[in-house]
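Basis for what follows: all heavy atoms, side chains included, without hydrogens, waters or symmetry-related copies.
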Amino acid sequence: MHEFLSKIDWSPTIGDPTWIGWLTVTAYFICGYKSYRVLRSSERIFEDPIQRQRLLWLSITLTMVFLGINKQLDLQSFFTAAARVLSKEYGWYAERRFYQTFFIAALGVLGLTAITVMLGFYYKVRHMHGIAIVGLLALIVFILIRASSFHYVDSLLSSQVWGFKMNALLELSGIALVMLNARKLMRMRRPLIDINNL
């Protein structure tokens, strides 16, 4: 195991030290905080079944915090480097384009399937959580595709729109969807009942 790890060209560094990188990290943590507030206020927002909806927003909170940390630790680069070493050792590095294309296509299908399944699972309350589910799963699929290190995908994600890199716009858009959903839910909070005035 130590010999395998020594072959991986990766070390923990700041993955994106630019202002847009730190803006994205900040957005992740703000989104995590807003998601946590939804979780804390669940009794005043959700109708039954509350536990299932609490589980969703707990998962969103933890995912946002993790992705915020990962944004600068760049852990997906470790897995990319590890996959490169494995592909060379097992002799399928020459066909890596095929496997990368298959990986991206599979992720796209899995992402759409996951969105469909989750929206079905939360069908009765989809109007409350649908935007967050789409934003969360889009983020996860985007990050996994970025980790695939496919040349054409890298070129697309590095292209600029309105002076911003495409990858930053996609990532921030996913975060924004979750935050918009959290804001919507917080505005639906029922007022606290003061038992002293009953």
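- In terms of the side-chain hydrogen bond (donor to acceptor under 3.5 Å, both in side chains) criterion, residue partners of Ser42 (sequence neighbours excluded) are, by chain and number, Arg54.
- Connection of Leu56 to Val125 is established within a shared hydrophobic cluster, with ILVMFWY side chains joined at heavy-atom distances below 4.5 Å, either directly or through further cluster members.
- In this structure Arg40 satisfies the side-chain hydrogen bond (donor to acceptor under 3.5 Å, both in side chains) test together with Tyr36, sequence neighbours excluded.
- For Arg190, the salt bridge (charged side-chain N to carboxylate O under 4.0 Å, His left out) partners are Glu47, not counting sequence neighbours.
- The side-chain hydrogen bond (donor to acceptor under 3.5 Å, both in side chains) search around Gln51 returns none, not counting sequence neighbours.
- Both Leu172 and Trp19 sit in one connected hydrophobic cluster of ILVMFWY residues. Membership requires side-chain heavy atoms under 4.5 Å apart, directly or through other members.
- Between Ala168 and Ile20, the closest heavy-atom pair is CB-CG1, 3.8 Å.
- In this structure, CE in Met64 is found 13.0 Å from CD1 in Ile69, a value given to the nearest 0.5 Å.
- Atoms NZ and CG, from Lys71 and Leu23 in turn, are 10.0 Å apart once rounded to the nearest 0.5 Å.
- For residues 127-144, the set of pairs meeting the side-chain hydrogen bond (donor to acceptor under 3.5 Å, both in side chains) definition, not counting sequence neighbours, comprises Gln53-His129, Trp57-His129.
- For Arg52, the side chain to side chain contact (heavy atoms under 4.5 Å, CB included) partners are Pro49, Phe121, Tyr122, not counting sequence neighbours.
- By the side chain to side chain contact (heavy atoms under 4.5 Å, CB included) test, Arg44 pairs with Arg189, Leu192, sequence neighbours left out.
- From Leu177, atom CG reaches atom OG of Ser173 across 7.0 Å, with rounding to the nearest 0.5 Å.
- Shortest non-hydrogen contact noted between Ile45 and Met186 is CD1-SD, 4.1 Å.
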Acceptor/donor pairs from residues 131-142 side chains to any protein atom, 3.5 angstrom cut, sequence neighbours excluded:
none

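- When all heavy atoms of Ile60 and Ser35 are compared, the closest pair comes out as CG2-OG, 3.4 Å.
- With sequence neighbours excluded, the residues satisfying side-chain hydrogen bond (donor to acceptor under 3.5 Å, both in side chains) with Thr18 are Asp16.
- The side chain to side chain contact (heavy atoms under 4.5 Å, CB included) test applied to Leu55 returns Ser59, not counting sequence neighbours.
- In plain terms, the two heavy atoms of Gly130 and Asn181 that are nearest each other are N-OD1, 3.9 Å.
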Let me have the donor-acceptor pairs involving side chains of residues 27-34, under 3.5 Å, with sequence neighbours excluded, atom names and distances please.
residue, atom, partner, partner atom, Å
Tyr28, OH, Glu171, OE2, 2.7

Please table the atom pairs, donor to acceptor, closer than 3.5 Å between any side-chain atom in residues 105-114 and protein atoms at least two apart or in another chain.
residue, atom, partner, partner atom, Å
Thr113, OG1, Val109, O, 2.7

